[in-house]
Amino acid sequence: MEQKKALLCLAHMSGNEIKYIQEAFDTNWVVPLGPNVNGFEDDLKRYVCSEKSYQAMGTSEELYPNETYPQTIQPHENNPESLWKKSIQGLENKELVALSAGTAALHLALVALGVKAGDEVICQSFTFCASSHPVTYQGATPVFVDSEADTWNIDPELLETAIKDRIEKTGRKPKAIIVVYLYGMPARIDEILAIANKYDIPLIEDAAEGLGSRYKNQVVGTFGTFGVLSFNGNKMITTSGGGALICDGKEMKHRIMFFATQAREAFPYYQHEEIGFNYRMSNICAGIGRGQMTVLEEHIAHHKHITHLYAEGLKDVKGIHLHLNPSADFDSNYWLNTITLDEELKVKNQAKAYGKAITGAIGGAAGFVHSTGEAHTTSEPNTNVEAMRLELEKEGIESRPLWKPMHLQPVYANSPAYTNGISEKLFKSGLCLPSGPMVSDEDVRRIIEAIKNCIA
């Protein structure tokens, strides 16, 4: 499949992004502050704090008839506010700070909570490293907790077990809890929040993959003390790079902005009494974000439509399981569609899996990778999973393994971990499938047929 229809792809750009970017140049706001930054924060606040008006959006079939999506993505002609209802009671105090990355947002949440060397922070193990690395930036220790089977997110019972054990072992409570909404799926946030409140531990929601996902009709990222959003190029909407932190009240927003702009004191010269960071979002990137907000709901609806097609096409394929919402309380944005393969399922050329070492980044993976010259690690996906990835790759279809749990990563070998085997089992058996604005109905049909053809 051509690059634009790979596993994840940049969100489609409309004239609105160009308008805001041009406006920034015309007014000479080419800096990490300005009207677009303020406007983007306002747009995000209105979205994450409000009930969604499904009536205004219609169904995915109504939005994208005859497979015209994504070629016909256009900003809504009506007022964008018509997409949302009144603010959910209790969320009126939420504020947003636009930042350079989701990782920066998580880091600043830890800074604001006073996390420092010697502290412990409970982290979900089944996630990307950006959820735990900021803990180490502060010199603190991540304590990893495994997942539960339905959502693939942090197990509430194991979470409480970990808290009790850390208190017994160290004499102190963990400084914070970080829950992740993996692949867009909401966690059992009611149970997790109840435990956090019981032990009076601040909750940080890593909703980097979950923009627009809801639990009981409330946007994820708005339940805890802080919520983290990401606008990386592969997310539901993009600012090319960037993120945001959801916090409580203007006082905390100003505190976060203080740390995000090098922690400067109010003097006519540079006076620094605390360590700060260069984490504010640029006015140019925020302009892209303002334009992207006009198509956010269309992107989410399309991802859900793609999930429906995968579900229908794979429902009778034995040994392959698509991850779906556990119940009506959960409303995933389906940022990525994921499947698991039964270990007994046989795939073509399975015996040749891991036959040679990987030397570069896989598919559309960004950045630079270190080549070890090794084909194996101590924990890796099952041979049928790797064989299917390779077979799909031959057809020009990009797929990737699920996240390797953090408690299995060599860099965290000395970190405490409370495990139940679920995340490791999922890592060994799972694949991410193409999911994005440029994936069409015909693409999904082709992918499903290719998956069936991979089975020996």
Side-chain angles (χ1 to χ4, degrees), residues 1-10 12 60-61 64 66-71 152 183-185 209 234 299 302-324 332-356 358 360-366 375 380-404 426-456:
M1 187 178 298
E2 58 265 39
Q3 185 66 28
K4 71 175 183 178
K5 293 177 181 175
L7 178 70
L8 285 167
C9 46
L10 289 175
H12 188 85
S60 60
E61 287 75 15
Y64 317 119
N66 302 320
E67 302 179 20
T68 55
Y69 185 94
Q71 288 76 19
W152 298 4
Y183 303 119
M185 181 63 70
E209 300 172 4
N234 61 9
H299 285 185
H302 181 66
H303 278 248
K304 291 179 178 181
H305 173 64
I306 292 299
T307 301
H308 173 73
L309 296 179
Y310 276 128
E312 285 297 304
L314 294 171
K315 66 182 180 181
D316 295 325
V317 181
K318 293 182 179 180
I320 295 180
H321 312 278
L322 183 70
H323 191 214
L324 299 170
S332 175
N333 64 8
Y334 291 115
W335 173 65
L336 272 183
N337 287 282
T338 54
I339 56 173
T340 55
L341 279 61
D342 290 348
E343 191 170 1
E344 299 77 18
L345 183 72
K346 299 301 180 183
V347 174
K348 292 177 181 177
N349 293 314
Q350 188 168 332
K352 298 180 181 178
Y354 299 110
K356 61 180 180 179
I358 301 293
I362 296 297
E380 60 194 18
N382 296 330
T383 54
N384 62 350
V385 173
E386 175 62 3
M388 180 166 286
R389 185 189 73 79
L390 292 171
E391 290 298 305
L392 292 175
E393 188 177 71
K394 291 177 183 177
E395 299 299 319
I397 298 170
E398 184 186 356
S399 63
R400 295 188 203 168
L402 303 184
W403 298 125
K404 184 171 185 175
L426 290 169
F427 166 61
K428 288 177 175 293
S429 63
L431 272 180
C432 301
L433 300 179
S435 308
M438 302 303 292
V439 177
S440 69
D441 291 31
E442 180 56 38
D443 292 330
V444 177
R445 284 191 285 269
R446 177 172 171 252
I447 293 163
I448 291 169
E449 193 61 29
I451 289 172
K452 293 177 179 178
N453 290 337
C454 288
I455 299 173

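Heavy-atom basis, side chains included; hydrogens, waters and symmetry copies ignored. Predicted, not measured: the structure shown is a model, and the values here were computed from it.
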Atom pair [atom1] ([X]) and [atom2] ([Y]), whose distance is rounded to the nearest 0.5 Å:
X	Y	atom1	atom2	value
Asn234	Leu336	CG	CG	8.0 Å
Lys428	Thr383	NZ	OG1	10.5 Å
His302	Ser440	NE2	OG	7.5 Å
Glu395	Ile447	CD	CD1	11.5 Å
Leu345	Cys454	CG	SG	10.0 Å
His321	Thr340	NE2	OG1	5.0 Å

**OP:** Indicate yes or no for a side-chain donor-acceptor contact from Ser332 to the backbone of Gly184 under 3.5 Å, with no hydrogens or angles considered.
**Re:**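 Pair found, side chain donor or acceptor close to backbone of Gly184.
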Original post:
For Trp335, does its backbone N or O pair with a side-chain atom of Asn333 as donor and acceptor, under 3.5 Å?
Top reply: yes
**OP:** Could you pull out all residues at least two apart from Thr338 that satisfy side chain to side chain donor-acceptor pair (under 3.5 Å)?
**Re:**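 Applying side chain to side chain donor-acceptor pair (under 3.5 Å) to Thr338 gives none.
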Original post:
What residues, two or more places apart in sequence or in another chain, satisfy side chain to side chain donor-acceptor pair (under 3.5 Å) together with Tyr334?
Top reply: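 Tyr334: side chain to side chain donor-acceptor pair (under 3.5 Å) contacts with Asn325.
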Residues 310-320 side chain polar contacts: donor-acceptor under 3.5 Å, at least two apart:
residue: Tyr310; atom: OH; partner: Pro434; partner atom: O; Å: 2.8
residue: Glu312; atom: OE1; partner: Lys315; partner atom: NZ; Å: 3.2

Minimum side-chain heavy-atom gap [X]-[Y] below 4.5 Å:
X	Y	result
Ile451	Met388	yes
Cys432	Trp403	no
Tyr183	His323	no
Asn337	His303	no
Ile306	Leu433	no

Subject >> Cationic N near anionic O, under 4.0 Å, Glu386 to Arg389 >> reply: yes
Taking every non-hydrogen atom, the tightest pair across [X] and [Y]:
X	Y	answer
Asn384	Glu343	ND2-O, 3.7 Å
Ala353	Ala387	CB-N, 4.1 Å
Gly430	Val385	O-CG1, 3.5 Å
Leu431	Pro401	CD2-N, 3.9 Å

Original post:
Could you go step by step and tell me if Arg446 and Glu449 meet the salt bridge (charged side-chain N to carboxylate O under 4.0 Å, His left out) rule?
Top reply: CA-CA 5 Å; Arg446 177 172 171 252; Glu449 193 61 29; over 6 Å; no
